[in-house]
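Please read the structure below before turning to the comments.
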Amino acid sequence: PSSEASSQGEPGVHEKVPESEGIVVTSEDGITKITFNRPTKKNAITFQMYNQIIEALKTASTDNSAITVFTGNGDYYSSGNDLTNFTSAAGGMEEAAKTGAVVLRNFVNSFIDFPKPLIAVVNGPAVGISVTLLGMFDAVYASDKATFHTPFSSLGQTPEACSSYTFPKIMGPAKATEMLIFGKKLTAKEAWAQGLVTEVFPESTFQQEVWTKLKRYAKLPPNAMRISKELIRKSEKEKLYAVNAEECTTLQSKWLTEECINAIMSFVSRKAKL
Amino acid sequence: PSSEASSQGEPGVHEKVPESEGIVVTSEDGITKITFNRPTKKNAITFQMYNQIIEALKTASTDNSAITVFTGNGDYYSSGNDLTNFTSAAGGMEEAAKTGAVVLRNFVNSFIDFPKPLIAVVNGPAVGISVTLLGMFDAVYASDKATFHTPFSSLGQTPEACSSYTFPKIMGPAKATEMLIFGKKLTAKEAWAQGLVTEVFPESTFQQEVWTKLKRYAKLPPNAMRISKELIRKSEKEKLYAVNAEECTTLQSKWLTEECINAIMSFVSRKAKL
Amino acid sequence: PSSEASSQGEPGVHEKVPESEGIVVTSEDGITKITFNRPTKKNAITFQMYNQIIEALKTASTDNSAITVFTGNGDYYSSGNDLTNFTSAAGGMEEAAKTGAVVLRNFVNSFIDFPKPLIAVVNGPAVGISVTLLGMFDAVYASDKATFHTPFSSLGQTPEACSSYTFPKIMGPAKATEMLIFGKKLTAKEAWAQGLVTEVFPESTFQQEVWTKLKRYAKLPPNAMRISKELIRKSEKEKLYAVNAEECTTLQSKWLTEECINAIMSFVSRKAKL
């Protein structure tokens with residue numbers, strides 16, 4: 001990310017990316033915070049934002065913060081992949097599918113490789129890849145107004161971000177399938193009971209309780225935390241790379257099927273009419 | 001299965017196996033339904049029924065249904081393996097153990113290989129292999145009068161259907177052992193809390209709620225669902241084949257031990273006296 | 001362990017180790033019981049006790065008991081590794097770290113290899129390695145006054161006893177990290193909800209309910225139980241050896257870092273002042 005500082009930043013906060021770019025990165029109190037900042041589009045993620053996040057994680061992995069946190073600005077955490085990434089692509093769907101698969105694979109690998117504790121502060125609804133990625137996080141704190149929705153089948157798509165591996169591992173196949181294949185939307189409480197969410201807080205005290213906790217965690221010995229995470233991740237790192245590659249290859253072909261193109265076109269035109 | 005249609009079928013339903021044979025297969029609304037249909041024997045599974053199910057899954061994997069559902073006719077879902085499979089075998093226990101291991105291995109492999117979403121509608125008590133198999137299903141809906149019981153140790157037997165792998169993965173060893181080794185019988189609510197069951201419904205509305213849901217799921221794009229399942233299954237398919245082989249080899253020797261023969265004889269003669 | 005019988009033993013109980021040695025082993029009703037018996041030190045585990053437990057497990061694996069049980073004498077289950085193992089070591093920290101890594105690896109391997117159902121009766125607070133080891137047990141029964149605490153990061157340390165593998169597998173990364181990296185202390189109820197504990201009992205009836213249950217389990221056919229456990233363990237035994245080796249190597253270097261030495265010194269001197 002560029003290192004321009006935004007003048008709207010809180011005192012003492014060094015903002016590495018201007019707000020207009022969709023992702024805002026700040027760092028203070030030992031915490032690097034990466035914010036989805038496209039509230040008028042429910043924080044849908046554009047190609048540019050995927051690349052910004054890859055860069056932000058690269059920087060955060062060696063900065064002097066102890067932990068890294070994702071959150072969303074506004075009502076949504078993130079509505080997931082911006083489907084206009086496909087419909088507005090210059091070279092048409094085939095080119096978009098090829099680019100999309102490369103970007104997605106690099107993006108997910110940057111989460112597999114991230115060396116410090118990675119925490120999601122889920123402030124509102126999460127959809128698609130913003131949900132599946134949670135399987136790669138070390139802790140997930142959610143407001144009770146958050147929801148978790150992966151409507152892949154109805155969009156003619158298939159799971160990504162290693163969720164075809166992490167979700168069954170976390171919650172068992174009987175619950176993972178209902179989310180990943182049948183598209184059941186979960187409440188925060190349900191996501192907690194299924195092990196996807198670490199803890200749920202009432203919306204009214206969410207921000208205060210979570211940030212108090214995170215500031216405390218950020219003061220723990222950083223090397224011990226990094227090495228513990230390395231131990232935990234090591235036993236499945238190769239598996240995660242392989243699953244990510246497989247999911248991206250699958251999606252690249254899936255995106256070019258009539259089933260998928262029709263579903264995306266219908267979704268985008270429905271949204272355009274609203 | 002033979003393709004004789006039963007005259008008792010619901011309108012529009014093509015029944016591929018006559019009811020008298022123990023397994024009934026029907027297909028409508030994008031759903032292939034395989035029913036344990038031996039209600040006077042609590043749907044205990046005979047050698048013939050294992051083979052019928054293998055055939056039914058083969059057919060369902062290429063028919064035009066989107067999802068496949070197992071359920072039971074009558075009060076029970078299924079009381080599991082019919083122990084008279086052993087005591088009534090022509091060549092004695094040794095021959096029965098050999099045949100049993102081959103049938104079991106093929107039977108379980110046909111679940112490992114099944115390519116479409118596979119759902120259990122557990123209408124009542126489930127025992128033995130009808131429980132362990134649930135670890136291979138993609139969703140499990142249960143009536144609140146269902147129970148889940150795997151009394152292997154008291155019958156001198158050991159787990160099958162890959163449950164020695166899937167159960168610890170789903171619920172952790174501390175809860176898997178209580179079922180698989182100590183034979184604890186679970187309520188539907190407990191099985192749900194442990195991740196074995198997707199959702200529990202009151203008996204009074206069970207059939208209506210579940211079938212409404214399943215008819216909705218069966219309308220989702222079938223290719224996306226099939227490919228999502230393939231992704232989820234792929235990362236552990238080789239493991240499942242290996243575990244299945246190991247469990248069958250183990251059971252084949254176990255069935256010939258005095259500990260097991262005595263336990264089975266005592267069980268069968270106790271039942272005969274009732 | 002030596003085979004001196006203690007004169008304080010209950011009638012019929014053969015105590016293989018005198019109480020003064022820190023570990024007491026008794027065997028009756030098909031149950032071998034290994035008790036942490038250093039109540040004035042909250043059952044903290046010394047180097048000597050690690051070696052006693054290795055021996056006790058070796059003996060229990062071939063004695064005529066059906067199941068083996070760990071529990072604690074007094075208010076605590078166990079406060080974990082006795083940190084004076086380091087500060088009081090003759091050759092200084094480097095020697096202590098080397099010895100510690102060897103003892104730890106052998107100790108954990110003896111749990112990986114233990115062939116019979118292994119059950120923890122958690123009578124009170126459990127800390128550190130007495131918690132992480134629970135991931136290797138087949139069942140864990142806890143009093144409602146038990147707690148589960150692994151404050152590794154604040155002591156500059158990292159997880160052991162294969163918990164970097166078993167905990168994420170049991171409860172998912174979002175809950176495992178909060179314990180293993182952020183040091184969250186769990187209540188018995190929370191540990192149960194996360195799958196680490198099989199069942200929680202009110203303190204007032206804990207001992208009676210648990211031992212009634214265990215005596216019943218100990219009467220099940222022992223071979224079937226042993227072979228079922230072998231099946232369950234087999235599919236991850238190599239993984240567990242590798243994770244154990246990795247964790248011990250990691251701890252051996254970690255113990256020599258300033259971050260860790262300072263944390264341990266500060267902990268020990270704080271305790272000494274109380």
Side-chain angles (χ1 to χ4, degrees), chain A residues 132 150-184 186 190 193-196 236 238-255 257-264 266, chain B residues 66-67 111-112 115-120 122 133-142 148 162 165-172 175-176 191-200 213-237 239-240:
Chain A
T132 52
T150 50
F152 297 127
S153 295
S154 65
L155 290 167
Q157 300 194 38
T158 53
E160 83 287 89
C162 298
S163 60
S164 68
Y165 168 73
T166 60
F167 276 39
K169 194 186 160 199
I170 292 170
M171 59 189 79
K175 290 182 181 175
T177 300
E178 219 182 22
M179 290 191 77
L180 296 177
I181 301 191
F182 299 145
K184 188 188 179 187
L186 262 56
E190 287 167 337
Q194 294 179 202
L196 189 60
E236 57 180 5
E238 292 309 315
K239 186 75 171 179
L240 291 170
Y241 289 138
V243 169
N244 183 26
E246 188 74 37
E247 289 176 341
C248 291
T249 306
T250 302
L251 270 173
Q252 187 176 342
S253 356
K254 202 75 196 61
W255 284 328
T257 60
E258 211 177 291
E259 193 179 81
C260 178
I261 292 173
N262 289 345
I264 290 179
S266 145
Chain B
I67 64 177
F111 283 82
I112 299 176
K116 300 175 181 180
L118 189 66
I119 294 137
V122 185
L133 267 180
L134 296 176
M136 310 287 281
F137 278 68
D138 301 300
V140 178
Y141 299 108
F148 301 83
C162 297
Y165 167 74
T166 60
F167 276 39
K169 193 186 161 200
I170 292 171
M171 59 189 80
K175 291 183 179 174
W192 168 82
Q194 295 180 201
L196 190 61
V197 164
T198 308
E199 196 172 346
V200 179
K213 182 195 284 277
L214 292 177
K215 280 172 191 169
R216 191 156 44 79
Y217 289 168
K219 291 201 179 70
L220 289 167
N223 287 325
M225 291 201 288
R226 198 176 43 74
I227 294 171
S228 290
K229 169 153 181 175
E230 194 182 327
L231 270 174
I232 292 172
R233 180 58 43 96
K234 186 174 275 177
S235 72
E236 57 180 4
K237 205 164 190 172
K239 185 75 171 179
L240 292 169

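Order of the sequence lines sets the chain letters (A, B, ...), proteins ahead of strands, with each chain counted from 1. Remember, it's a predicted structure, so these values are computed and weren't measured experimentally.
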What part of A:Glu247 lies closer than 4.5 angstrom to a heavy atom of chain B: side chain, backbone, both or neither?
-> both

Taking C-beta and beyond as the side chain, do A:Glu259 and B:Pro222 meet within less than 4.5 Å on heavy atoms?
-> yes

Interface residue of largest heavy-atom contact number with chain A, from B:Thr198, B:Ile170, B:Leu220, under 4.5 Å | B:Thr198

Side chain from CB out, backbone as N, CA, C, O: work out which of these in B:Lys213 comes under 4.5 Å of a heavy atom of chain A, or both, or neither.
-> side chain

Pick one of side chain, backbone, both or neither for B:Glu230, based on which atoms fall under 4.5 Å of a heavy atom in chain A.
-> neither

In terms of heavy-atom pairs under 4.5 Å, which option from B:Gly135, B:Ser235, B:Gly195 contacts chain A the most?
-> B:Ser235

If you look only at pairs with a residue in residues 157-167 of chain A, which of them pass as a salt bridge (charged side-chain N to carboxylate O under 4.0 Å, His left out), with sequence neighbours excluded?
-> none

The interface call for A:Thr250 against chain B, heavy-atom contacts under 4.5 Å, is side chain

Taking C-beta and beyond as the side chain, do B:Ile67 and B:Ile119 meet within less than 4.5 Å on heavy atoms?
-> yes

Less than 4.5 Å apart, any side-chain heavy atom of B:Leu134 and any of B:Thr166?
-> no

Is there a donor-acceptor contact under 3.5 Å from the side chain of A:Ser163 to the main chain of A:Thr132?
-> no

